[in-house]
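Some notes on the structure that comes next.
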There are 2 protein chains.
Amino acid sequence: MSGPTGTPGPARAATIVDVARAAGVSRQTVTRAVNDMAGISAATRERVLAAARELNYHPSRFGRGLVKPSARTLGLLVGDLTNPYYADLASTVLRLAADRGWNVVMAEPGSVADLVGGADAVVGFTGLALDRPGPGAPNLPVVEIDPPRVQPGHGRVELERATATGDAVRHLLGRGVRRPVVMDLPGSTSRGRAFTAAFRAAGVEPVAAPREAGWADLRDLDPDALVAFNDLDGFRLLRDLARDGVGVPERVKVVGVDGLAVGEFVTPRLSTLAIDLAEVARAALDLVVELSERRAGDPVRVVPHRFVARDST
Amino acid sequence: MSGPTGTPGPARAATIVDVARAAGVSRQTVTRAVNDMAGISAATRERVLAAARELNYHPSRFGRGLVKPSARTLGLLVGDLTNPYYADLASTVLRLAADRGWNVVMAEPGSVADLVGGADAVVGFTGLALDRPGPGAPNLPVVEIDPPRVQPGHGRVELERATATGDAVRHLLGRGVRRPVVMDLPGSTSRGRAFTAAFRAAGVEPVAAPREAGWADLRDLDPDALVAFNDLDGFRLLRDLARDGVGVPERVKVVGVDGLAVGEFVTPRLSTLAIDLAEVARAALDLVVELSERRAGDPVRVVPHRFVARDST
DNA sequence: CTGAAAGCGCTTACAG
DNA sequence: CTGAAAGCGCTTACAG
């Protein structure tokens, strides 16, 4: 609906040709001015930059990217960054990716704008989202962290839990625990299943409870240990227990999962299943590079949790 | 150094033409297969996809972006994501940006790979890095959060501190504080200066101490209040004080800055200068949109801190 | 110091 | 169902 010529359409962003026309020069003179290159008179440069400013001109990443080498972009899919677990992982990925000259576009599940379209490869907790790798969808290299099921062709970093869970359970049993509660999501996840299995192997039948249960909901079970879904939930439970005057670890022991550094600062300090997130990040990046260069088979890396006993058990 | 033709060079990534040649079809047939479009026989599609897989073909974001509308990309520059302050802000930015159809490329200072080249606009704590907006450098819309000094043409979100600092200081004085220590970075920052000014206005001269000082360094000053550089530092101090058996808040009061949610979970719960990060994020995004559409003057938004008194004071 | 030409990798009409 | 042509916005040699 814009006029025949000269009447700038309101929607379309200014392009290098618009600036060239406005400044009365050629396109590559605009390039020279805008990119601060040599071989252009000060006067011309000024005129061009003025025109660019006037038109609110911003060079297109795409035009530029097509023609000159530029950083590759890694799509990173994490859970809620509000959880330090994901934030810490992201922090390491950012650092390692930058070392290798990659940019990182990030998304939380539910806010995946166009991760796939904006990235050259994708890494992350795909269990949280990313269902749509349709037959012909832009098939990027993908590395999944802690995936619920294997996806052929994708790399994956598995977070091994069995060993550390065994250690934790042994630790609890050794301190007299007989009536543990394992808290988990509705469908049950590998974390919950691992604890349940380990307790059973020792002849103790744990009670299952929903992740978000509070002490008020659990009190009647008279539990002597609570396995929280993660550290954040563990903090919440510790606070509730303190509020109700329930002694931790004397009367009830509490274990978290994730190994958050802040667990050192709550009272009592929270025992937890920790994992080296820097190692997870490193493994994921190694795999994604591998995948984008050669086409490897089904590359897998395994990173183990370890049990960290602190004061809450 | 690759052969005359047919000998694939090792470095160069496969392009749509390579696939077309390998499959013996035209470029747009490749497009149809790869993008799962209609108007192509199943057999041809299979043949093309096989060739694509064989060549490890991944469509170029740039070629594609140039020709079809795609999400805009916001560059977000935050501090260490390991600090929940930045992580929480990033989380909100991610969500809001996705609502508006933007992608977000993220960087921490020191890991800024090519933020400027990879984004259509930049938002963040530019005080932490980003010095190089040279004369002709790719001039994107920029919104600075809590900038150390105003940069003409840039939008900015100012984090107002004076009011909340006054409240905090009044609160402390009201509880008998007379020998406060204000901890800050070497050059002193606006947060430190605000506290110092507020104490002086009330006729109390605070002692300045380096941000990373521990109780061992401060004990001899016999302070009755510690103003930590941020909440994380506050947690550290609380732990040290508990370890040394120093009563908080009876003997020493502790104030943090940032308003981290975990401050609710440490013991005693940390009093702090909080700010609504969602509001900061929203203001920054509003400005950046404004800046990339019209060219506004020097758009500014102000978001206030507020003092949250908890148990540590 | 400045400009005309070619090409980066892709998709969108348009013919057949 | 398939392909030849044009063009997206930019930069890189190459002439003048």
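Numbers restart at 1 for each chain; the letters A, B, ... are given by sequence-line order, proteins then strands.
Under 3.5 Å, the side chains of B/Arg95 and B/Ser91 contain a donor-acceptor pair of N or O atoms.
One can place CZ of B/Arg21 at 19 Å from C1' of D/dT2, the figure rounded to the nearest angstrom. Atoms CG (A/Leu66) and P (D/dC10) sit 12 Å apart, rounded to a whole Å. In this entry the distance linking CD1 of B/Ile40 with C1' of D/dC1 reads 9 Å, nearest Å. Look at CZ on A/Phe62: it is 17 Å from C1' on D/dT11, rounded to the nearest Å. Taking atom CZ on A/Arg72 and atom P on C/dG9, their separation rounds to 14 Å, with Å as the unit. Following rounding to the nearest Å, B/Glu46 (CD) and D/dC1 (C1') show an atom-to-atom distance of 16 Å. For the pair A/Arg61 CZ and C/dC8 C1', the computed distance is 17 Å after rounding to whole Å.
Checking B/Leu277, B/Ile275, B/Asn230, B/Asp88 one by one against B/Asp258, the side-chain contact (heavy atoms from CB on, under 4.5 Å) holds for a single residue, B/Asn230.
Take A/Asp286 and apply the salt bridge (Lys or Arg N to Asp or Glu O under 4.0 Å) test, not counting sequence neighbours, and it matches A/Arg100. Every side-chain contact (heavy atoms from CB on, under 4.5 Å) that A/Thr189 has, sequence neighbours left out, goes to A/Asp184, A/Leu185, A/Arg191, A/Phe229. Annotation: salt bridge (Lys or Arg N to Asp or Glu O under 4.0 Å) contacts of B/Arg45 (sequence neighbours excluded): B/Asp36. Residues satisfying the salt bridge (Lys or Arg N to Asp or Glu O under 4.0 Å) criterion with B/Arg301, sequence neighbours excluded, are B/Glu290. B/Thr44 meets the side-chain contact (heavy atoms from CB on, under 4.5 Å) test with B/Val25, B/Thr29, B/Ile40, B/Ser41, B/Arg47, B/Val48; sequence neighbours excluded. Considering only residues two or more places apart in sequence or on other chains, A/Ala87 meets the side-chain contact (heavy atoms from CB on, under 4.5 Å) condition with A/Leu81, B/Ala87. Residues passing the salt bridge (Lys or Arg N to Asp or Glu O under 4.0 Å) test with A/Arg27, sequence neighbours excluded: none.
Across D/dG9, D/dG3, C/dC10, the shortest atom-to-atom separation from the side chain of A/Ile16 is found for D/dG9. Checking C/dA6, D/dG7, D/dT2 against the side-chain heavy atoms of A/Arg27 singles out C/dA6 as nearest. For B/Arg64, taking side-chain heavy atoms from C-beta onward, the closest of the listed nucleotides C/dG3, D/dT2, C/dC10 is C/dC10. For A/Asn35, whose side chain is taken as the heavy atoms from C-beta onward, the closest listed nucleotide among D/dC10, D/dT11, C/dG9 is D/dT11.
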Please produce a list of atom pairs where a protein N or O lies less than 3.5 Å from an N or O of nucleotides 12-16 of chain C.
none

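With the 3.5 Å cutoff on both pairing distances, Watson-Crick and G-U pairs in DNA chain C assemble into runs of at least 3 at C:1-3 with D:14-16, C:5-12 with D:5-12, C:14-16 with D:1-3.
Note on A/Ser41: a side-chain N or O is less than 4.0 Å away from OP1 or OP2 of C/dT2. Taking only side-chain nitrogens and oxygens, A/Ser60 never comes nearer than 4.0 Å to OP1 or OP2 of D/dG9. Distances shorter than 4.0 Å separate none of the side-chain N or O atoms of A/Thr15 from OP1 or OP2 on D/dC8.
The residue among B/Ala38 and B/Gly63 whose nearest nucleotide of DNA chain D is located toward the 5' end is B/Ala38.
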